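Worksheet for the structure shown next.
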Amino acid sequence: MSLVGAKVLRKEDPRLLTGRAQFVDDFKPTNVAFAQFVVSEHAHANIVSIDTRDAMKMPGVLGIWTSHDFADYPDLPGGLPDLERPPLATGRVRWAGEPVAVVVAEDRYAAADAVAAVRVEYEVLPAVTTISEAVAPDAPLLFPHHGSNSIVTVPMVDDLERVMESCDMRATLHLVNQRCAVVPIEPMGCLADWTMEGLTVWATFQAPHHLRNKLAAWLNVPHTQCRVIAPAVGGGFGAKIVWSPELFVTPLLSKWTGRPVKFMQSRTEAMLQMTHGRDQEHDLEVGFDKNGKIKALRFVVTQNLGAYPDPTGLGLPVLTGWMAAGCYKVPKVQTAFRSVVTNTTPVAAYRGAGRPEATYSIERLVDLVADRTGLDPVEVRMRNFIQSNEFPYETHNEAVIYDSGNFPEALRECVRLLDYDAVKAQQAAHRNDPSKPLIGIGFSTWIEIAGFGPNGSLEGFGHLASWESAQVRIHPDGSCTLFIGSSPHGQGTETVVSQIAADELGISFDRINVVHSDTATVIQGIGTMGSRSVPMVGSATKVASQRLLVRAKKIAAHLLEAAEEDLEVANDAFSVKGSPGKKVGWSDVALASFQPLRLPPELQAGTLEERLFQESPNFSYPSGAYGCVVEIDRRTGKVKVAKMVLVDDCGTVINPLLAEGQVHGGAAQGIAQALYEEMKYDPDTGQPITSNLVDYLIPSAPDLPGFIPGRINTPCPNNPLGAKGIGESGAIGSPPSVVNAIVDALSHFGVEHLDMPVLPEKIWAAMNSNHTTHNANGAGR
Amino acid sequence: MRRIEITINGRKHSHEVEDRTLLIHFIREHARLTGSHIGCDTSNCGACTVLLDDEAVKSCTVLAAQADGQSVTTIEGLSGPFDGLSNVQEGFRQEHGLQCGYCTPGMLMACTALLNENPNPSDGEIRHALEGNICRCTGYEMIVNSVRWAAENAGGPK
Amino acid sequence: MIPAPFTYVKARTMTEAHEALATHGDEAKLLAGGHSLIPLMKLRLATPSVLVDIASLPGLSGIRQEGNELVVGALTRHVLVERSPEVHRLVPLLAHTAALVGDPQVRNRGTIGGSVAHGDSASDLPVALLALGATFVATGPSGSRTITAKDFFVGFWQTALQPNEILTEIRVPITGAASNYQKFTVRSQDWAVVSVAVAGDAIALGAMGEIPLRATAVEAALRNGAAVREAAQLADSDTSPSSDIRASADYRRHLARVLTEDALVAAGR
């Protein structure tokens with residue numbers, strides 16, 4: 001029975017379900033001390049002085065350090081020249097929450113008291129938190145030597161004005177893809193123990209080898225003296241690939257105190273210090289004919305980078321531009337972007353990382369085209385789709401060649417699962433009945449760029465390379481260990497690669513274990529991000545297993561005195577086709593593999609190990625069609641998602657239960673972005689005003705709908721599994737379906753667009769834009 | 001400082017702690033039971049949920065001193081007939097009610113408390129009962145399915 | 001995340017509690033369920049140096065009928081009010097409102113007295129109790145006094161309780177009058193953006209000012225025979241809702257009207 005494609009329960013679960021899994025804060029080595037950072041309370045200020053005298057006298061305080069203490073160390077890696085981020089704010093703070101000093105104390109209670117007693121004197125400077133403020137003529141500059149808050153500008157080659165003029169119709173849209181906080185339930189943290197033997201760091205991180213390589217360079221120690229382990233990790237979503245200064249500072253604190261030092265953020269600290277996501281504004285124009293065929297697309301992105309350009313953050317608008325045309329054949333596409341710094345938390349990857357922004361905009365535009373032409377939004381999509389026989393499809397950008405897909409089939413399946421005609425009828429009926437909520441229907445047909453990636457792709461974000469590694473090792477008893485370069489944190493990758501290896505090797509699932517996220521045992525890895533695990537490490541596992549099996553079969557054939565080509569392997573044993581009695585167990589083959597006297601002459605001992613750095617010729621391109629039905633309370637504007645259909649095409653599915661779980665989680669984040677979440681700043685002071693979970697609205701179970709899943713399958717031609725990945729799909733495809741549904745519900749009010757989060761008050765205001773408000777005395781206003 | 005004694009999962013734990021010590025820290029730092037987690041600082045996320053005298057509470061919002069002499073059950077105290085796992089734990093395993101697992105301890109305790117009080121909840125009742133527990137990974141539907149599985153299998157393996 | 005240091009005092013008797021309050025004055029705060037106070041202390045927005053835990057005081061938890069009043073001990077946890085057959089039978093509004101406080105974990109710890117004494121106009125129970133015409137019994141070192149709900153809430157997080165007084169009982173008239181509670185939130189975990197409680201002829205509003213307010217204009221209009229919808233339009237009269245991260249004042253005014261109409265209709269008016 002093949003495990004690939006089967007609903008196999010997870011290897012990861014027993015330790016997580018019993019509380020035995022160990023996350024960073026669960027480690028408590030002897031003599032461990034606790035670090036906590038003093039952070040800026042101002043959005044923009046010069047640091048005048050830092051007075052630690054009172055704090056130093058407090059019980060349990062081991063030391064307090066500021067930027068002076070790190071003067072011998074470089075800025076954090078990956079930044080832009082002259083715009084690098086120091087480990088601790090040096091001279092100037094650039095956002096409220098930027099670390100300014102660090103206290104180490106005997107425990108977190110003493111540390112909290114000492115942090116509260118550190119007195120920092122600031123000279124407050126004017127702050128800018130929005131893109132428009134940052135680019136205004138006399139805007140205060142975060143980096144005066146740079147001369148501007150505009151950091152990267154990539155203009156358009158051709159503004160497409162002539163093409164637009166020649167179109168029957170044109171429409172513009174200004175969209176805000178609002179700043180979101182990533183909010184993994186486990187915040188950022190690390191434990192550093194620098195002993196005579198070297199440094200070990202346990203970090204809640206998505207790319208431990210990447211961290212080790214950069215950390216060792218930064219600390220100027222050889223890799224032999226620097227080990228990084230990501231233990232159980234409580235969610236990442238892209239924010240745990242970032243060079244948080246705490247990861248660099250804490251090892252030095254261990255070195256200087258001679259003790260293990262642990263750092264663990266509180267949620268408020270995490271809200272301010274973990275990188276944020278999204279925060280793009282788009283200026284869009286689309287030219288189309290009256291049959292809804294889109295002829296030209298002009299797509300201008302402005303990215304808010306936050307206070308320091310982050311290596312990942314810099315790449316986001318590039319990815320957005322690449323995916324600007326979505327699933328559609330648009331003859332003329334021009335993209336441009338500008339990235340600016342503001343006095344806010346730096347922005348980096350958040351589930352989708354640049355692609356949700358692209359999908360949101362093109363899908364809103366398609367609905368706008370439908371609205372203006374009077375055509376059904378499903379029909380407009382069908383008329384503009386790239387057809388299934390047009391792959392590989394070269395897009396407007398030479399880096400982006402879509403591999404495969406069947407957008408019309410996905411949309412048809414979505415329409416079927418949604419019961420579109422019935423819902424439309426219900427929508428019409430409700431529109432005429434004031435006692436019923438307004439119904440809206442919204443679609444999102446989307447494609448995303450995943451499976452990072454072809455050589456050069458991740459290097460552009462500062463990574464070592466773009467392959468992923470898998471090492472398959474057979475033990476003398478025929479059991480198997482897979483060492484993988486991925487660093488899963490909820491994806492279930494241990495289970496998935498075990499399924500693949502079990503199928504290839506004929507070793508039972510329970511006799512396979514998986515090792516990952518430890519630089520001492522896994523030779524090298526790139527990490528878990530960009531929906532790459534199944535395509536990259538899954539493929540690596542498959543190919544490595546196949547290669548190892550060739551040698552195992554040689555040994556088995558030798559032991560059975562049979563021909564290699566007649567051998568089959570399953571259920572932990574090799575058997576000979578057509579000779580039922582002839583069998584040798586994997587355990588015997590494995591044992592023999594270490595025993596030269598039992599091996600065929602061409603094999604030496606120890607050959608049942610295979611290591612592979614699997615490259616990919618291209619990205620992969622998951623796609624899908626999502627459909628959302630909303631019910632809006634006519635009086636309050638409150639939105640209920642009544643139906644959410646999620647049809648995905650991720651190519652080959654290794655484990656349908658896990659694949660669906662990924663989509664649910666991503667869709668939950670996408671719906672939350674559409675309806676609830678927004679990082680907000682006080683317009684006068686630049687203070688963040690949504691810095692905890694009371695004010696930043698992460699929904700809980702009653703706030704989200706159930707999901708109706710669907711699947712089509714166009715295999716990926718670029719890896720041996722045919723798999724595309726699915727980790728970010730839900731977050732990419734869902735926001736526009738929700739917003740499209742809301743706009744659809746309100747279209748008879750003349751509403752053409754509402755920015756996310758579409759809170760009830762926004763909807764109420766849109767429904768009542770002609771409404772005259774009354775004060776208590778009844779006078780009109 | 002004061003000496004606090006709390007029975008956790010049937011075993012007495014007695015430690016000298018500061019008056020301000022939160023119950024979650026007594027459990028994690030002093031009793032060294034790290035299965036219960038901390039995910040926020042405003043009593044929203046519920047990752048710290050334990051049973052205090054059989055009632056689900058957010059242990060980050062209770063002082064250890066308030067629980068002196070009382071009895072706590074944490075995730076480490078769950079067990080049952082499914083290869084050692086309770087029906088709630090096994091339900092989460094069967095229905096993929098966890099991904100990263102960080103919110104899971106609080107979810108399991110809240111779900112255990114729910115089924116203790118309401119052995120056969122509807123989906124709506126399950127969601128309502130989990131209002132105080134935030135998950136960022138699952139989107140909640142598979143958690144609801146997990147609780148339903150647990151309810152249907154409360155009698156043990158079939 | 002970590003409260004500032006304080007001394008914890010467990011009061012075993014009312015006298016002990018009063019003595020602790022007298023000794024420490026402003027520096028002391030009472031602790032019952034702790035689900036209003038401890039979150040503030042963890043953010044260091046409240047830093048009392050003494051906490052007097054009154055949760056063990058005998059006789060302050062429980063629900064009983066005394067003549068035409070339902071008497072709920074101040075230390076009664078929300079979950080008990082939510083589930084009490086007696087409360088459901090005699091003052092169902094109280095049970096329905098208690099069921100909406102916070103989330104299940106909060107309801108297992110929070111107390112009705114704590115919720116009332118915290119004085120937050122966005123809290124559910126104060127609004128319902130105002131509509132119910134409840135009276136509160138407070139005990140000081142020299143004896144007890146009764147304060148009407150109307151007189152009890154005096155300002156933002158401020159009540160008529162003296163620093164040395166402890167709330168002991170919540171007394172609610174049993175009238176059998178039709179009642180309903182409506183609460184608007186964006187996300188289920190939130191405090192009310194606006195709330196409305198109807199109990200008989202009384203209508204109370206939450207989060208429409210610094211304290212829970214009676215919707216007197218609506219009450220008067222109904223008394224004068226106005227239709228429900230028409231009367232509900234006056235819900236925001238004499239209110240001062242704030243504009244904050246949750247909602248603008250204008251939206252709150254609108255919600256007050258909508259929720260008032262809904263509550264009245266649900267109460268069968």
Side-chain angles (χ1 to χ4, degrees), chain B residues 1-2 4 17-25 29 38-70 106-107 109-114 116-118 121 124-134 140, chain C residues 1-12 28-57 75 77-80 82-83 99-111 114 183 185 187-191:
Chain B
M1 301 289 284
R2 62 179 52 241
I4 304 281
V17 300
E18 290 184 57
D19 284 13
R20 60 177 168 162
T21 302
L22 303 174
L23 179 59
I24 184 63
H25 287 137
E29 304 294 324
I38 298 172
C40 80
D41 47 16
T42 48
S43 312
N44 289 98
C45 80
C48 65
T49 303
V50 300
L51 302 187
L52 178 60
D53 284 348
D54 297 325
E55 291 182 323
V57 302
K58 293 185 173 180
S59 61
C60 71
T61 319
V62 178
L63 301 176
Q66 291 176 285
D68 190 16
Q70 289 183 268
M107 283 289 176
M109 302 319 291
C111 293
T112 300
L114 165 66
N116 287 345
E117 289 148 20
N118 183 355
E125 285 171 331
I126 295 170
R127 286 183 183 265
H128 188 64
L130 296 180
E131 184 183 304
N133 289 75
I134 294 180
Y140 303 108
Chain C
M1 176 72 199
I2 314 291
F6 59 82
T7 305
Y8 171 90
V9 172
K10 194 181 205 99
R12 258 156 260 279
K29 276 207 129 355
L30 295 174
L31 181 67
H35 275 51
S36 300
L37 182 58
I38 291 176
L40 291 177
M41 293 177 67
K42 284 165 66 179
L43 296 175
R44 301 202 176 195
L45 296 173
T47 52
S49 47
V50 178
L51 281 194
V52 182
D53 187 341
I54 55 170
S56 308
L57 293 187
L75 288 180
R77 313 252 181 203
H78 301 311
V79 66
L80 294 179
E82 175 187 355
R83 295 191 186 157
L100 294 174
V101 173
D103 56 51
Q105 292 95 318
V106 168
R107 294 195 285 280
N108 282 334
R109 292 295 291 175
T111 64
K183 171 182 185 178
T185 57
R187 176 190 62 159
S188 54
Q189 270 195 7
D190 298 340
W191 278 281

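Computed from a prediction, not measured in an experiment: that's the story for all the values here. Letters A, B, ... mirror the listed sequences (proteins, then strands); counts begin at 1.
Residue Lys10(C) places its NZ atom among more than 12 non-hydrogen atoms of other residues, nucleotides or ligands, all under 6.0 Å distant. Atom CG of Asn118(B) has more than 12 neighbouring heavy atoms from other residues, nucleotides or ligands inside a 6.0 Å radius.
For Leu114(B), no part lies near chain C; criterion is any non-hydrogen pair under 4.5 Å. Both the backbone and the side chain of Asn108(C) come within contact range of chain B, judged by heavy atoms closer than 4.5 Å. Heavy atoms closer than 4.5 Å to chain B are found nowhere in Leu37(C), neither backbone nor side chain. Leu31(C) touches chain B through its side chain: at least one heavy atom from C-beta onward sits under 4.5 Å away, while N, CA, C and O do not. With a threshold of 4.5 angstrom between heavy atoms, Arg83(C) approaches chain B through side-chain atoms but not through N, CA, C or O. For Cys60(B), the parts lying under 4.5 angstrom from a heavy atom of chain C are both the backbone and the side chain. With a 4.5 angstrom heavy-atom cutoff, Ala110(B) touches chain C only via side-chain atoms.
Comparing Thr61(B), Asp68(B), Asp41(B) by how many heavy-atom pairs each has under 4.5 Å with chain C, the most go to Thr61(B).
Scored by the ring pair (Phe, Tyr, Trp, His ring centres under 6.0 Å) test, His25(B) finds Tyr109(A) as partners (sequence neighbours excluded).
Looking at every heavy atom in both residues, Lys183(C) comes nearest to Leu100(C) through NZ-O, 2.7 Å.
A heavy-atom distance below 4.5 Å is not found between the side chains of Val79(C) and Arg109(C).
In this structure, the side chain of Thr47(C) does not engage the main chain of Arg44(C) through any donor-acceptor pair within 3.5 Å.
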